[in-house]
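One structure is given below, encoded as structure tokens.
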Protein chains: 2
Amino acid sequence: MNRKMPVKRARTKQKRLSADDRRSEFVTKATELFAEEGFGGGTRALARKLGVTQPLLYRYFPSKDDLIKEVYRKVYLEPLEIGWEKLLSDRSRPLRERLQEFYEVYTDAIFNRRWLRIYLYSGLKGLDINRWYVGMVKDKILTRILRECRHDAGLAAQSRPSAAELELAWVFHGGIFYYGVRKYIYEAPVLEDKAQMISDALDIFLAGFERMAESATDRRRAPIKVVG
Amino acid sequence: MNRKMPVKRARTKQKRLSADDRRSEFVTKATELFAEEGFGGGTRALARKLGVTQPLLYRYFPSKDDLIKEVYRKVYLEPLEIGWEKLLSDRSRPLRERLQEFYEVYTDAIFNRRWLRIYLYSGLKGLDINRWYVGMVKDKILTRILRECRHDAGLAAQSRPSAAELELAWVFHGGIFYYGVRKYIYEAPVLEDKAQMISDALDIFLAGFERMAESATDRRRAPIKVVG
DNA sequence: ATCTCTGGTGATCGCTCGATAAACTGAGCC
DNA sequence: GGCTCAGTTTATCGAGCGATCACCAGAGAT
């Protein structure tokens, strides 16, 4: 028996997907919708994006909240695909080079309208998953960076970074993050060369770290001086 | 004829305010409500906060959108009450001192749950007023800071800051701003001494600025060195 | 004491929302 | 060819939304 004209399949509204495909299509399009409209975006608008009717959603998700949770999972776990540990902790490469590459890769993953908007919307809802992510940035990125910086500067390792060190790292990290917010949320003009921005931010962070490391032994703060 | 027991007035729901008082009470409580719930917060919930009925809102505002606009006006203009120009441009005081004080005062004005949440919500809506505010930060704060920095470093004044300089200032500013987001939006633990955080951020920003100023004449980037 | 003006209420409209139940449909199996 | 079962639709519910209108009530002027 020959196939029933596959041409028609292209003309018809491509209904009748497999369950897995349909489900993941819901998550994908929901991410797009919620990124634009916030989580108040309607289930009918979502169905329209898929070319199906609204009740179909409930064959795949018990409630809208469950769909939202799926979106969270996808968005929050997406940028974690990168091999952070190896990249940051590979001491065969110069520290500066590692940091530059890490932030280029990391920002490639999260600097886009979809990710940043979902991240901010979920942050405003104050959910646990958001606190978890912030804690992870602290533990897996900033703490690791500080450890490598201390090692690079010949300082003794410590189990946990000091509050002042951590704050320095946070301000640095936040400054870079805010670049993405300015570009993709505020849609304000930014310096187009992202790598250059990261490089400049790294310059002043590393200089600040060295300065702090020295003044920590001094006890009193010495005025900073830069020599060309 | 004696007064009708004024004590009762205290027991009764204090209705019947003057038009101006009621109107501003609507704006105040609406700011609180929208800060928590987003602008999807309902007019009935708002009325409940005032202890009045929902239709009363429409005696004072033609629509919910008009109320929202009032909230924007209040929130966006609130931190502008400070005398920025004088503070930043008063060359009788050391630059470092001026910057420290400015950021302490500025963050006193905007680092609170209400302001930051309204700001982020409105930013996500992509309204003109938000772009206006970002442009104002650039023109009235960052450009002015850079001008003072150039003057302080003995560099020639320029009508507009270079893109690289501006980006440096933005990353610095964003790093400080993100401190507020971490504390009041994410409710994550932060270094409690805000003035210290600002001081540290200023240290590395000023060092970075000097470094950039020097390398601009060198053409090639000189490695940074910090002397205690 | 009565009138008036205005701040405030009760009832309700039309709409959209998330969610449910029952009916439909078409590809694969016997 | 008819059966089956999974993917999809049609119809609809109850709740909540922004908004409107007619009415109420109390303080101040006369």
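Proteins get letters first, then strands, A, B, ... in listed order; numbering begins at 1 in each.
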Inset, instruction - Would you mind telling me which of D:dG18, C:dG8, C:dA19 lies closest to the side-chain atoms of B:L56? - result: C:dG8

Inset, instruction - Would you tell me if any nitrogen or oxygen in the side chain of B:R22 comes within less than 4.0 Å of OP1 or OP2 on C:dG8? - result: yes

Inset, instruction - Please state how far atom CG in B:D21 lies from atom P in C:dT6, giving the value in whole angstrom units. - result: 17 Å

Inset, instruction - Could you point out which residue of A:R147, A:Q158, A:R160 forms a side chain to side chain donor-acceptor pair (under 3.5 Å) with A:E165? - result: A:Q158

Legend entry - Whole-Å gap separating P (D:dC17) and CD (B:Q54): 9 Å

Inset, instruction - Quickly work out the A:D66 CG to C:dG18 C1' distance and round it to whole Å. - result: 13 Å

Legend entry - Whichever of A:S63 and B:A19 has its nearest DNA chain C nucleotide further upstream toward 5': B:A19

Inset, instruction - Would you mind reading off the distance between A:L50 atom CG and D:dT9 atom P, rounded to a whole angstrom? - result: 10 Å

Inset, instruction - Have a look at B:Y60 and say if it touches a base, only the backbone sugar-phosphate, or nothing, with a 4.0 Å heavy-atom cut-off. - result: sugar-phosphate

Legend entry - Gap between atoms CG and P, on B:L17 and C:dT9 respectively (whole Å): 11 Å

Inset, instruction - Let me know which of A:V171, A:I145, A:I176 forms a side-chain contact (heavy atoms from CB on, under 4.5 Å) with A:F205. - result: A:I145

Inset, instruction - Go through C:dG26, D:dC17, D:dT20 for me and flag the one nearest to the B:R44 side chain. - result: D:dC17

Legend entry - Exercise: do A:T107 and A:Y179 side chains pair donor with acceptor under 3.5 Å: no

Inset, instruction - Taking only the side-chain nitrogens and oxygens of B:T53, find out if one of them lies under 4.0 Å from OP1 or OP2 of C:dG8. - result: no

Legend entry - A:G41 or B:P55, whichever maps to the more 5' nucleotide of DNA chain C: B:P55

Inset, instruction - Find which nucleotide of DNA chain D each of B:D65 and B:R59 is nearest to by heavy atoms, and output the residue with the more 5' nucleotide. - result: B:D65

Inset, instruction - Can you tell me the distance, in whole Å, between the CG atom of A:D20 and the P atom of D:dA6? - result: 14 Å

Legend entry - Atom-to-atom span, CG of A:L57 to P of C:dA19 - whole angstrom: 8 Å

Legend entry - Positive for ring pair (Phe, Tyr, Trp, His ring centres under 6.0 Å) with A:Y72, one of A:F39, A:F34, A:W132: A:F39

Inset, instruction - Please list, chain by chain and in numerical order, all residues satisfying side chain to side chain contact (heavy atoms under 4.5 Å, CB included) with A:P55, sequence neighbours excluded. - result: A:T53

Inset, instruction - Ignoring the backbone of A:K64, work out which of C:dA19, C:dG7, D:dT8 is nearest its side chain. - result: C:dA19

Inset, instruction - Check the distance between D:dT9's C1' and A:R16's CZ and give it to me in whole angstrom. - result: 11 Å

